[in-house]
Q: 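Just dropping this structure here.
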Number of protein chains: 2
Amino acid sequence: MMEPPLKDRVTLVDIASDAGVSRATVSLVLRNVSSVAPSTRKRVLQSISRLGYVYHRGAANLRTQRSHAIGLIVSDITNPFFAEIIIAIEDWLGSAGLVTILGNTSENPEKQQRLLKSLSEYPADGILICPTQCSITDAGSLAGRLPPVVAFTRPLNGVDYAGVNNVAGSELAIDHLAALGHRHIAFIGGPSSLSSAQQRSLGYRQGLEKNGIPFREDLVIEQAPNRKGGFQGLTTALTLSPAPTAAVCFNDVVALGAIEALRSSGKEPGRDFSIVGFNNIADAHFGGLTTVDTSPAKIGEAAADLLLHRIKEPTAPVRQVILIPRLIVRESTARDHARSE
Amino acid sequence: MMEPPLKDRVTLVDIASDAGVSRATVSLVLRNVSSVAPSTRKRVLQSISRLGYVYHRGAANLRTQRSHAIGLIVSDITNPFFAEIIIAIEDWLGSAGLVTILGNTSENPEKQQRLLKSLSEYPADGILICPTQCSITDAGSLAGRLPPVVAFTRPLNGVDYAGVNNVAGSELAIDHLAALGHRHIAFIGGPSSLSSAQQRSLGYRQGLEKNGIPFREDLVIEQAPNRKGGFQGLTTALTLSPAPTAAVCFNDVVALGAIEALRSSGKEPGRDFSIVGFNNIADAHFGGLTTVDTSPAKIGEAAADLLLHRIKEPTAPVRQVILIPRLIVRESTARDHARSE
DNA sequence: CTCGGTTATTAGATCGATCTAATCGTAGTC
DNA sequence: GACTACGATTAGATCGATCTAATAACCGAG
């Protein structure tokens with residue numbers, strides 16, 4: 001039942017003596033170097049599978065000074081937006097022969113510090129990070145000595161960055177709602193400690209101004225960036241007067257929570273109230289949510305690309321990739337009642 | 001601006017020569033061995049911080065044959081149920097001085113294979129895994145030679161396992177609904193390729209029988225275990241006749257999708273139709289969902305414990321920890337209309 | 001002054017791979 | 001037949017830590 005015990009690991013030496021060659025030759029076979037004679041290669045491969053050899057990457061890393069592993073630190077794996085970024089990054093790096101080590105901070109700066117330490121001790125070849133909210137915005141203060149770092153979604157001074165133009169995104173949403181005749185538009189925003197929340201809030205104001213809609217302080221409602229926040233935010237919005245007829249939400253999860261609040265007060269999204277989300281996660285499509293597409297997969301790919309370049313050219317000037325969002329119109333937005341009828 | 005380049009790594013030798021001691025002594029200081037004289041320890045520590053030394057765990061691992069890292073493979077990080085397990089495991093292992101390397105298979109057996117290979121090559125000290133659906137149920141066929149493995153949530157022949165009694169969980173749900181007078185209870189289940197779905201389905205049947213409720217084939221609706229699946233499943237359920245008055249869902253996410261379907265057809269959960277979920281994720285509390293609490297955090301801790309023991313005693317007999325679920329009653333369930341009025 | 005007994009320190013081997021530079025055959029060329 | 005050229009293979013050093021066993025330093029006891 002039990003296979004031969006793991007204790008005494010099979011190493012290059014064992015393979016070498018079994019196949020009657022030297023360690024070096026076995027190593028050449030493992031790395032697919034072409035100079036090995038076909039007959040020896042075959043013999044070595046047979047020994048490898050017969051003895052059940054497992055490559056020891058750690059040992060190789062020590063010698064080559066490369067781990068072929070990159071660390072990916074996100075602030076909340078539960079968030080579908082991040083999940084899509086993660087999958088894109090894993091795929092992209094995987095096809096470049098790199099392994100992704102995933103770490104979750106749960107927005108906790110201490111955990112982030114621990115993860116960074118682990119990754120630089122490992123050591124990883126590079127780090128992709130979405131810094132925790134409220135955390136230092138300066139790369140230097142992150143930790144002692146780090147492998148190349150690229151930030152995504154939330155920028156970090158002095159390092160490469162991949163993200164989306166949040167200001168433009170909010171403006172798209174407002175333009176759309178304004179065109180539908182809405183004049184009282186709430187903004188159910190995320191915590192203002194998040195740079196993305198600040199930017200989306202700014203875009204909201206600029207969008208209103210551009211469309212000649214007066215800004216109302218009370219329509220800006222700060223909430224936690226989750227389902228519950230959306231629910232409570234919209235519930236609050238409905239108590240205001242004059243009541244808003246539409247809302248732009250910090251992200252899709254917030255928007256879905258807002259829709260829940262709408263329905264539980266007997267209103268139907270699209271018919272009685274318009275809702276716009278942010279990110280275009282999978283559930284947004286299913287829920288018929290109009291949203292600002294920030295293409296998470298593309299952010300992930302851009303970040304991975306930046307990191308690969310940075311690893312190749314550690315001293316190259318810092319770069320930024322800011323993607324342009326686009327609006328996806330679905331059923332959760334419609335013409336304002338009061339004006340259309 | 002730029003710190004001294006990472007290129008030439010500072011090593012033990014550099015510290016040793018700077019502090020005027022040997023490599024061995026520096027190593028003793030790093031590992032907090034007490035035999036070092038306070039004065040030398042201080043001198044070494046000063047050199048360490050002055051030269052900006054970063055510990056090279058990979059090199060140490062090679063010598064000690066332990067990586068202090070364990071691999072955690074889950075089938076879907078987006079699922080809040082897993083997210084809670086992950087956090088519990090990370091905390092538990094972290095306090096035991098171990099680092100957790102997280103991998104996501106997205107229910108893809110190939111990705112699972114790749115991850116297992118990576119982890120055994122790393123090599124990790126142990127692996128915690130929730131196997132992908134449809135995948136082999138036999139540990140031996142997972143990969144060549146693996147470090148100690150513990151499965152959670154979905155069992156694997158021949159290895160330790162931590163999970164919950166799903167059969168009992170479904171029975172709890174049925175008992176509750178039956179006590180409220182419901183006689184037509186749908187089961188919106190996950191894919192039957194999942195062992196947990198099979199068990200919950202079995203518990204559903206047994207629960208009905210126990211309560212003297214006839215089993216109706218058409219009330220068992222198989223769906224994807226996500227929000228959309230719940231929506232569609234409940235939509236289907238409402239077309240049946242006689243129409244069910246309650247439903248047990250495969251998990252909370254499915255249940256939340258089902259609630260969405262209810263509301264969009266003008267029914268209110270709890271008032272017009274009763275819904276029970278599974279797992280008791282954070283959103284269940286917020287959504288007022290009655291659910292079977294499978295205590296994800298406890299599953300995580302149990303699995304981590306099993307792994308720690310297994311690493312200490314690789315040849316100990318295989319163990320299983322099956323947790324007992326309990327029912328959390330909230331607003332989404334109520335007495336059956338037809339009977340109570 | 002020597003000896004045993006601590007305590008603090010260290011030289012050298014070691015983990016399992018890769019890299020460098022050298023070596024061994026064998027064939028080709030003049 | 002000597003010499004070069006080239007393909008296949010290998011011995012030995014190396015990556016950066018830890019471990020073992022030995023050594024140096026010191027102190028008090030006899």
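No experiment lies behind these values; they were computed from the predicted model shown.
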Q: List the residues meeting side chain to side chain donor-acceptor pair (under 3.5 Å) with B/R57, not counting sequence neighbours, and say none if there are none.
A: A/E121

Q: When you measure from every atom of DNA chain D, which of residues 40-50 of chain B have a heavy atom less than 4.0 Å away?
A: none

Q: State whether a side-chain donor-acceptor pair under 3.5 Å links A/E90 with A/T100.
A: no

Q: Taking the nucleotide of DNA chain D with the nearest heavy atom to each, does B/V13 or A/R23 sit closer to the 5' end?
A: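 Residue closer to the 5' terminus by nearest nucleotide: A/R23.
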
Q: Of B/A24 and B/L62, whose closest DNA chain D nucleotide lies nearer the 5' terminus?
A: B/L62

Q: Taking NE2 in B/H309 as the centre, count heavy atoms belonging to other residues, nucleotides or ligands within less than 6.0 Å. Is the count above 12?
A: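 It does not: B/H309 NE2 has 12 such atoms or fewer within range.
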
Q: Taking atom OG of B/S34 and atom CZ of B/R41, what is their separation to the nearest 0.5 Å?
A: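 Here the interatomic distance stands at 8.0 Å.
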
Q: Would you indicate what B/R57 reaches in the nucleic acid, counting non-hydrogen atoms under 4.0 angstrom: base, sugar-phosphate, or nothing?
A: nothing

Q: 5' to 3' on DNA chain D, which nucleotides open and close the contacts with chain B (atom under 4.0 Å from a heavy atom)?
A: D/dG16 to D/dC19

Q: Any side-chain heavy-atom pair from A/T132 and A/E110 closer than 4.5 angstrom?
A: no

Q: Report which part of the nucleic acid B/T64 touches: base, sugar-phosphate, or nothing (heavy-atom distance under 4.0 Å, all strands).
A: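 Answer is sugar-phosphate: B/T64 comes under 4.0 Å of backbone atoms only.
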
Q: Of A/L30 and B/A37, whose closest DNA chain C nucleotide lies nearer the 5' terminus?
A: B/A37

Q: Students often get this wrong, so: under 4.0 angstrom with heavy atoms, is A/S35 touching a base, only sugar-phosphate, or nothing?
A: base

Q: With no hydrogens and no angle check, just 3.5 Å: does a side-chain donor-acceptor pair link A/R23 and A/S27?
A: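 The criterion, which ignores hydrogens and geometry beyond distance, is not satisfied for A/S27 and A/R23.
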
Q: What does B/A59 touch in the nucleic acid at a heavy-atom separation under 4.0 angstrom: a base, only the sugar-phosphate, or nothing?
A: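 The answer is base, as B/A59 lies within the cut-off (heavy atoms under 4.0 Å) of a base atom.
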
Q: Is B/S106 close to A/I87 at the side-chain level, that is, under 4.5 Å between some pair of heavy atoms?
A: yes

Q: Measure the spacing between OG of B/S22 and CD1 of B/I15 and express it to the nearest 0.5 Å.
A: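 Spacing of OG (B/S22) from CD1 (B/I15) equals 13.0 Å.
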
Q: Under 4.0 Å between any heavy atoms, over every strand shown, what does B/T25 touch: base, sugar-phosphate, or nothing? Just pick one.
A: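 Base: the residue B/T25, judged by heavy atoms under 4.0 Å, touches a nucleobase.
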
Q: Quick one: does B/L115's side chain get under 4.5 Å of B/I129's, heavy atoms only?
A: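 Result no, sub-4.5 Å side-chain heavy-atom pair not found.
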
